[in-house]
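A short worksheet on the structure shown next.
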Amino acid sequence: MNATMNHPRGMVLAWMFGAAALVAGCGGNHGDDAATPAAGEPVPSPSPSPSPSPTPSPAPAPAPAPASIARTEAGVPEGLPASATIGTAGGTLVSSDGRLTISVPAGALAADTLVGIQPITATAPGSFGSGYRLSPDGNGFAQPVTLTFSYLADEAAASAAGMLRVATRDARGYWRMVEPARDAAQRKLSVTTAHFSDWSYVGGRQITP
């Protein structure tokens with residue numbers, strides 16, 4: 001038998017060499033080997049960070065309703081009414097005094113409809129001329145209808161053309177201001193609406209209580 005194996009010290013050294021060889025065969029430091037891929041194996045890509053969720057945009061604030069300027073009794077009919085049947089192709093209607101024109105665009109009405117303008121006593125504060133009751137009353141238009149008021153030169157001089165306004169009376173009797181488009185050269189005020197009720201044009205700036 002080998003002399004090294006017969007000597008106790010030699011046996012200890014042989015056992016230590018065998019243990020070292022066993023550790024080396026099993027991979028040594030497992031933590032370092034696990035982090036390094038073997039030759040030929042693909043290197044794993046890092047997982048992408050999740051994208052932040054987009055912040056929703058705030059909804060637009062609704063347009064403020066026109067301020068009411070007064071509450072009055074309804075005007076009473078005066079003067080001659082005007083009416084016309086207007087269908088899906090649209091059309092126009094002019095009041096009997098020639099001061100108000102209704103322009104109905106194509107597609108605003110689903111069927112032939114009798115549209116009317118009845119002059120009434122003006123009850124809106126600061127009214128010029130007559131008021132006008134438009135029919136059919138209420139909301140019946142798929143597209144906005146244009147109302148064009150013609151005013152006189154002396155009315156513009158009395159109030160200043162830039163201060164003329166249009167007012168409409170709601171079902172509770174309150175008059176509300178509507179800012180018009182102005183054509184000073186033709187002395188016209190125009191507004192669009194999807195409902196018919198009592199309308200008038202007024203002078204000066206109105207003070208809301």
- Query: Regarding T148 and S190, is there a side-chain donor-to-acceptor distance under 3.5 Å anywhere?
  - Reply: yes
Any donor-acceptor pair under 3.5 Å from [X] side chain to [Y] backbone:
| X | Y | answer |
| --- | --- | --- |
| D170 | Y174 | yes |
| R176 | T168 | no |
| R71 | G173 | no |
| E179 | R165 | no |

Check: Any chain of hydrophobic side-chain contacts (each under 4.5 Å) joining L189 to V94?
Finding: no
Which atom pair, heavy atoms only, marks the closest approach of [X] to [Y]?
| X | Y | result |
| --- | --- | --- |
| Y151 | K188 | CE2-N, 3.4 Å |
| A167 | V202 | CB-CG1, 4.4 Å |
| P105 | Q143 | CG-CB, 4.1 Å |
| S95 | D97 | OG-OD1, 2.6 Å |
| A82 | S96 | CB-N, 4.1 Å |

Are the side chains of [Y] and [X] in contact, using a 4.5 Å heavy-atom criterion?
| X | Y | answer |
| --- | --- | --- |
| L109 | F141 | yes |
| I102 | I86 | no |
| F149 | L164 | no |
| L147 | L100 | yes |

Residue pairs passing the side chain to side chain donor-acceptor pair (under 3.5 Å) test with at least one member in residues 80-91, sequence neighbours excluded, are none
*Enter the distance from S130:OG to Y132:OH here, rounded to the nearest 0.5 Å.*
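Nearest 0.5 Å value for the OG-OH distance: 5.0 Å.
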| query | Which value, rounded to the nearest 0.5 Å, describes the distance between R99 atom CZ and S150 atom OG? | reply |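 Reported value, rounded in 0.5 Å steps: 7.5 Å.
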Distance-only check: which donor-acceptor pairs under 3.5 Å involve side-chain atoms of residues 115-129, not counting sequence neighbours?
| from | atom 1 | to | atom 2 | distance (Å) |
| --- | --- | --- | --- | --- |
| Q118 | NE2 | G79 | O | 3.3 |
| T121 | OG1 | V76 | N | 2.9 |
| T123 | OG1 | T72 | OG1 | 3.2 |
| T123 | OG1 | E73 | O | 3.2 |
| S127 | OG | A124 | N | 3.4 |
| S127 | OG | A124 | O | 2.6 |
| S127 | OG | S200 | OG | 3.3 |

Requested in this report: Go through D137 and S135 one step at a time and tell me if the side-chain hydrogen bond (donor to acceptor under 3.5 Å, both in side chains) criterion holds.
Outcome: CA-CA 5 Å; D137 183 67; S135 60; over 6 Å; no
